[in-house]
Amino acid sequence: MSRPAARPDDEREFVKEIPSKAEHFSDWYTAVVLKAELADYYPVRGCIVVRPYGYTIWELIQQGLDRRFKATGHVNAYFPLFIPQSFFEREKEHVEGFAPEVAWVTRGGGEELSEPLAVRPTSETAIGHMYARWIRSYRDLPVLINQWCNVVRWEKATRPFLRTMEFLWQEGHTAHRTAEEAEAEARQMLGVYRDFAETDAAIPVLAGRKPESEKFPGAERSYTIEALMPDGQALQSGTSHNLGQNFARAFDIKFLDSDNVEKHAYTTSWGVSWRLLGGMLMVHGDDRGLVLPPALAPFQVVVVPILTGPKRDDVLAAAREVARRVGAVARTRLDDRVEVTPGWKYNDWEMRGVPLRLEIGPRDLAQQQVVLAPRAGGGKQGVPMSGLEQSVPEALAAVRRALFDQAKMYLDAHIVAARSLAEVVEAVAGRRGFVRAVWCGAEACEQAIRRQSGASPRVITEEAADGPCVACGAQAREVVYFARAY
RNA sequence: CGGGGAGUGGCGCAGCUUGGUAGCGCGCAGCGUUCGGGACGCUGAGGCCGAGGGUUCAAGUCCCUCCUCCCCGACCA
């Protein structure tokens, strides 16, 4: 990415406002979230207020995902925030997995409740209960429902978007006639997540199956997309679970099949939270602030008129006209404020991550051009005013491509192959990213690697395994990627 | 949850050791000059010093409790 000729004074001032991403990553993250007005703190631990600019990004994430959910046959519904304790305890692994982080309501209206209500940490149980009422026949299947909602998990350490006590997400819950259908659904949604992450968010991911120990509590198989953050840690960015018949048995989700035999349904669940937003900030941002992929940028284009000289009014009129025309092909904002200078606006919009800036001044007006300044992937260039309907979308596409390519190069460069346990330990210690290994998949081997390296197995891909297990030396069955994780 | 750090106008900080009228920079408001990478001048507004208790003639400053945030670790689909 090219940066304009910088003057030392400005650089120093800038660094004062936003810490270096490379040197103070955590501080950098917090600073950009606050300064770009994505979110703010609230006096309850672990809770954030999502401000309009941040919420608009979330809405764009919602739209991108929702469009894909609808295209794959899903519909939206809404289930309640409160879950009776008794529901919650029906699935053994589920209750054990979530017990430590569930918030309970025990009083209401001034009286002790006869049965405590869980504030949902996820809704498999509530939805399972309802599916049992709704499903009678194989003709009722599949049920393909998604809900957009909030959930609460009593986390010990929190960070804006990445781990908050209350967070927004979507959770899809489906019920199927056969195991094969459920498995296909879980895999399909993993594919949807991958497509969204890589296309709209421009984040390359490793996609695959979760090892046993990392499965969702109560799931038969869990799938995940894992992204690599600049500090070398993995971020689980979306998960999809094949729940088999576990929840159907726990909640009596049964149907009469065409052979007149009553059977338990097969269910799935899958979710993406606003954590993905946090991941996107970390992956693409730089020392100047945010860099938003065009698909998820509240403003894809900002038009900055240079209001000076005798042609001032003409420049403003031209800028308005450009903003109007570009507004037809991209989300566009005209920044015609007179109280701040153009340079201030450049820095401000760069900090907020706007992918493309158009500058129009008296010189441009004379040449019937605008200066096009992409936030990433190239330097400023003048383009003819007449062709903006083509050049702007092209420039936005180039920004997306540059962001993805840059992140992909980083990901590829930070996958270290390890052929022994010692190499796994060494690679993890270097915080270089993912450590690729082959293993036999045995629990003992996994635990050994975990203990000695401090890293967890993030994802098992479908690559063919070759050679001996890094832990025990037996014939390896799978390719697994280890990393420290968020 | 353990270790460490912090909370003082909107933001960033000083003041606390040694108690005695709350300061600086930026920002903000008005006016004027400016405007192609964070402009400048003049004038001005704005703070029960995170909360509660205690010591004292007197607390931003000393003591106790609590809350929130940050960093490292542990924990965590």
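Chain identifiers are assigned alphabetically (A, B, ...) following the order of the sequence lines, protein sequences preceding nucleic acid strands; residue numbering begins at 1 within each chain.
Look at the P atom in both B/C49 and B/C62: the space between them is 15 Å, to the nearest Å. Rounded to whole Å, the separation between the P atoms of B/G27 and B/C42 comes to 14 Å. For the P atoms, the distance from B/A14 to B/G9 is 13 Å, rounded to whole Å. A gap of 11 Å separates the P atoms of B/A59 and B/U55, to the nearest Å. Atom name C1', nucleotides B/C16 and B/C75: the rounded distance is 37 Å, in whole Å. Taking atom P in both B/G19 and B/U61, the straight-line distance is 12 Å, to the nearest Å. To the nearest whole angstrom, the two C1' atoms, one in B/C69 and one in B/G50, are 11 Å apart. For B/G7 and B/C11, the C1' atoms lie 14 Å apart once the distance is rounded to whole Å.
Atom CZ of A/Arg337 and atom C1' of B/A39 are 15 Å apart (whole Å). Rounded to whole angstrom, the span from the CH2 atom of A/Trp344 across to the C1' atom of B/C28 amounts to 12 Å. Rounded to whole Å, atom C1' of B/G36 lies 14 Å from atom CD of A/Glu350. The distance between atom NE2 of A/His24 and atom P of B/G5, rounded to the nearest whole Å, is 19 Å. One interatomic measurement links the two molecules: CZ of A/Arg363 to P of B/C35, which rounds to 12 Å at whole-angstrom precision. Look at CZ on A/Arg357: it is 12 Å from P on B/G36, rounded to the nearest Å. A/Asn347 places its CG atom 12 Å from the P atom of B/G36, with the value rounded to the nearest Å. Atom NZ in A/Lys345 sits about 13 Å away from atom C1' in B/A39, given to the nearest Å.
B/G7 is paired with B/C67 under the criterion used here, namely a Watson-Crick or G-U wobble arrangement in which both key atom distances are under 3.5 Å. Across all strands shown, B/C76 remains unpaired; no Watson-Crick or G-U wobble contact has both distances below 3.5 Å. Across all strands shown, B/C48 has no partner, as no Watson-Crick or G-U wobble contact with both distances under 3.5 Å is found. For B/C31, the paired nucleotide is B/G41, the pair qualifying as Watson-Crick or G-U wobble because both relevant distances are below 3.5 Å. Using N1 to N3 plus N6-O4 or O6-N4 for Watson-Crick, or N1-O2 and O6-N3 for G-U wobble, each under 3.5 Å, B/A22 pairs with nothing. Across every strand in view, B/C16 sits unpaired, with no contact that passes the Watson-Crick or G-U test at under 3.5 angstrom.
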Residue pair A/Phe98, A/Phe216: steps toward the ring pair (Phe, Tyr, Trp, His ring centres under 6.0 Å) verdict: CA-CA 10 Å; A/Phe98 278 103; A/Phe216 177 77; 5.7 Å; yes
Where do A/Phe69 and A/Trp270 land on the ring pair (Phe, Tyr, Trp, His ring centres under 6.0 Å) test, with the steps shown first? CA-CA 11 Å; A/Phe69 298 159; A/Trp270 26 275; 5.1 Å; yes
For A/Phe87 and A/His129: C-alpha separation, side-chain torsions, deciding distance, then whether ring pair (Phe, Tyr, Trp, His ring centres under 6.0 Å) applies. CA-CA 8 Å; A/Phe87 282 20; A/His129 173 83; 4.3 Å; yes
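The cationic atom of A/Arg357 (NZ for Lys, CZ for Arg) lies less than 6.0 Å from the six-membered ring centre of A/Tyr346 and within 45° of the ring axis. Stacking of A/Arg333 on the aromatic ring of A/Phe299 is recorded, both the 6.0 Å distance cut-off and the 45° axial limit being met. Relative to the ring axis of A/Trp169, A/Arg153 places its NZ or CZ within 45° and under 6.0 Å from the centre.
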Output one letter per nucleotide in nucleotides 68-77 of chain B: B when a protein non-hydrogen atom lies under 4.0 Å from the base, S when only the sugar-phosphate is that close, - when neither is. SSSSSSBSBB
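In terms of phosphate contacts, A/Thr308 brings a side-chain nitrogen or oxygen within less than 4.0 Å of OP1 or OP2 of B/C35.
Between the side chain of A/Arg275 and the backbone N or O of A/Thr164, no donor-acceptor pair lies under 3.5 Å. The backbone N or O of A/Gly271 sits less than 3.5 Å from a side-chain atom of A/Tyr193, completing a donor-acceptor pair. A donor-acceptor pair under 3.5 Å is absent between the side-chain atoms of A/Tyr29 and the main chain of A/His24, judged by distance alone.
Residue A/Val371 is classed as a base contact, given a heavy-atom separation below 4.0 Å to a base.
Interface remark: the A/Lys380 side chain does form a donor-acceptor pair with the B/G37 base, using a distance-only criterion of under 3.5 Å.
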